[in-house]
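Below: one structure, written as structure tokens.
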Amino acid sequence: MEETQPAGARILVIDDEPGMREGCRRVLAPLGHHVDTAANVANAREALRRTDYDLVLVDVMMPDGSGLDLIQPIHERDPDAICIVITGYATVEMAVEAVKQGAYDFISKPFASDNLIFAVNQGLERRRLRLETQELDACRRRAEELTQAKAELEKLERVKSQFMLTVAHELRAPVAAIQSY
């Protein structure tokens, strides 16, 4: 069961296995996503410095470190980026640790392309909803600011009208006295 997602998401696949990187690219690119790959933590850090990604698929066991160590820097750059951990060393403890560090989902290798597509679509949907919520919150704040500004303008208009009435009255009284004299 495939869900429809807006195409064009930027995805980074970080895995030391060339077959896994290429397999993920082959599954995700035809869906319209822009897929970059990194073979190790160092290459991933460089890719993350150069480009903002909507979603990152990260392997845990890498030759030069743990992929889990990349989750925090990814979220520092973009708090709404989705990180999905993919690993052949799946344990409950590792899944819990990944989620604690900010991973959205956890996929055990080997996995079917449908599982990958489902996890990516779910992750991108979550990102979309987060961004829309932020946009709505910003619109609500702006609407509140505009409501307050409108109330202030209406108050100033009332003060101006009252001032004009007072000035007109104050000017009419002496003029009327002079005319009647």
Side-chain angles (χ1 to χ4, degrees), residues 1-15 21 24-25 27-38 41-60 62 65-87 94-107 111 113-163:
M1 174 169 120
E2 239 177 72
E3 293 185 10
T4 58
Q5 284 295 320
R10 290 216 56 50
I11 298 174
L12 176 62
V13 179
I14 307 166
D15 199 302
R21 291 191 308 270
C24 288
R25 180 197 310 268
V27 169
L28 298 173
L31 300 175
H33 301 302
H34 307 284
V35 182
D36 294 334
T37 62
V41 172
N43 291 347
R45 287 186 191 280
E46 182 58 34
L48 291 166
R49 268 193 292 279
R50 284 191 320 255
T51 307
D52 291 326
Y53 291 97
D54 300 308
L55 187 136
V56 179
L57 295 164
V58 59
D59 187 12
V60 175
M62 305 287 284
S66 172
L68 295 180
D69 295 337
L70 294 170
I71 295 173
Q72 183 179 356
I74 291 167
H75 285 145
E76 285 173 359
R77 184 170 171 117
D78 180 0
D80 298 312
I82 300 297
C83 294
I84 298 176
V85 172
I86 53 177
T87 186
M94 187 176 291
V96 169
E97 182 61 27
V99 170
K100 280 183 182 177
Q101 291 194 29
Y104 168 73
D105 202 352
F106 189 90
I107 304 174
F111 49 84
S113 60
D114 288 345
N115 293 354
L116 176 65
I117 291 169
F118 182 77
V120 166
N121 285 345
Q122 291 292 96
L124 291 174
E125 178 67 9
R126 179 179 174 123
R127 178 177 170 82
R128 184 187 68 77
L129 291 173
R130 277 185 187 168
L131 295 174
E132 281 183 9
T133 299
Q134 290 173 2
E135 191 176 317
L136 286 172
D137 290 344
C139 287
R140 284 188 192 112
R141 284 191 299 276
R142 183 69 180 138
E144 289 171 7
E145 291 170 5
L146 290 172
T147 301
Q148 289 174 348
K150 180 182 177 212
E152 289 177 28
L153 284 172
E154 288 171 349
K155 181 181 175 184
L156 287 172
E157 183 64 30
R158 286 191 304 272
V159 169
K160 182 186 93 173
S161 296
Q162 185 61 39
F163 176 75

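Everything quoted here is computed from the prediction, not taken from an experiment. Counting from 1, the numbers follow the sequence of the chain as shown.
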Q) In Å, rounded to the nearest 0.5 Å, how long is the span from CG of Asn121 to CG of Leu28? A) 8.5 Å
Q. How long is the span from the CD1 atom in Ile14 to the CG atom in Leu70, to the nearest 0.5 Å?
A. 5.0 Å
Q. Could you walk me through whether Arg140 and Asp137 pass the side chain to side chain contact (heavy atoms under 4.5 Å, CB included) check?
A. CA-CA 5 Å; Arg140 284 188 192 112; Asp137 290 344; 3.1 Å; yes
Q | Side-chain donor or acceptor of Arg25 paired with backbone N/O of Val35 under 3.5 Å | A | yes
Q | Straight-line distance of Leu55 CG to Asp80 CG, nearest 0.5 Å | A | 12.5 Å
Q: Can you see which heavy atom on Ser113 is nearest to which on Val27, and at what distance?
A: CB-CG2, 3.6 Å
**Q.** Sequence-distant partners of Arg126, side chain to side chain donor-acceptor pair (under 3.5 Å), two or more places apart
**A.** none
Q.
Please enumerate all residues that pass side chain to side chain donor-acceptor pair (under 3.5 Å) together with Glu76, with sequence neighbours excluded.
A. Gln72
Q | Glu145, CD: over 12 other non-hydrogen atoms inside 6.0 angstrom | A | yes
Q) Taking all non-hydrogen atoms of both residues, which atom of Gln101 and which atom of Asp69 are closest, and how far apart? A) OE1-N, 4.4 Å
Q: Give the minimum heavy-atom separation between Ala103 and Val85, together with the two atoms involved.
A: CB-CG2, 3.7 Å
(Q) So, taking the atom named CG in Leu131 and the one named CG in Leu136, what distance separates them when rounded to the nearest 0.5 Å? (A) 11.0 Å
(Q) Between Arg21 and Val13 (side chain of the first, backbone of the second, donor and acceptor by atom type, cut-off under 3.5 Å), is there such a pair? (A) no
Q: Take Ile11 and Val120 through the test side chain to side chain contact (heavy atoms under 4.5 Å, CB included) and record every step on the way to the result.
A: CA-CA 9 Å; Ile11 298 174; Val120 166; 4.0 Å; yes
(Q) Checking Glu132 now: which residues fulfil side chain to side chain donor-acceptor pair (under 3.5 Å) with it, not counting sequence neighbours? (A) Arg128
(Q) Once salt bridge (Lys or Arg N to Asp or Glu O under 4.0 Å) is applied, what residue pairs with a partner in residues 94-107 remain, sequence neighbours excluded? (A) none
Q.
Using the rule given for side chain to side chain contact (heavy atoms under 4.5 Å, CB included), can you reason through Tyr104 versus Arg127, listing the C-alpha separation, both sets of side-chain angles and the distance that settles it, and then say yes or no?
A. CA-CA 10 Å; Tyr104 168 73; Arg127 178 177 170 82; over 6 Å; no
Q: Indicate yes or no: does Glu152 engage Lys155 in a salt bridge with an N to O separation below 4.0 Å.
A: no
**Q.** Distance-minimising heavy-atom pair for Val41 and Ser66
**A.** CG2-O, 4.1 Å
Q) If you measure from CG on Leu153 to CD on Gln148, what distance do you get to the nearest 0.5 Å? A) 12.0 Å
(Q) What I want to find out is whether Arg141 reaches Glu144 closely enough, with some N-O distance under 4.0 Å, to be called a salt bridge. (A) no
Q. Glu157: what forms a side chain to side chain contact (heavy atoms under 4.5 Å, CB included) with it, not counting sequence neighbours?
A. Lys160, Ser161
Q) Which atom names give the shortest non-hydrogen contact between Ile84 and Ala119, and what distance separates them? A) CD1-O, 3.5 Å
Q: Please determine if Asp52 and Arg10 form a salt bridge, counting it only when a charged side-chain N lies under 4.0 Å from a carboxylate O.
A: no
Q.
To the closest 0.5 Å, what do you measure between CG (Leu57) and SG (Cys83)?
A. 9.5 Å
Q: Report the residues that fulfil side chain to side chain donor-acceptor pair (under 3.5 Å) with Asp36, sequence neighbours left out, ordered by chain and then residue number.
A: Tyr53
Q: Would you mind reporting whether Leu124 and His33 have side-chain heavy atoms less than 4.5 Å apart?
A: yes
Q.
Ignoring hydrogens, what is the shortest heavy-atom contact between Thr87 and Met94? Give both atom names and the distance.
A. CG2-SD, 4.0 Å
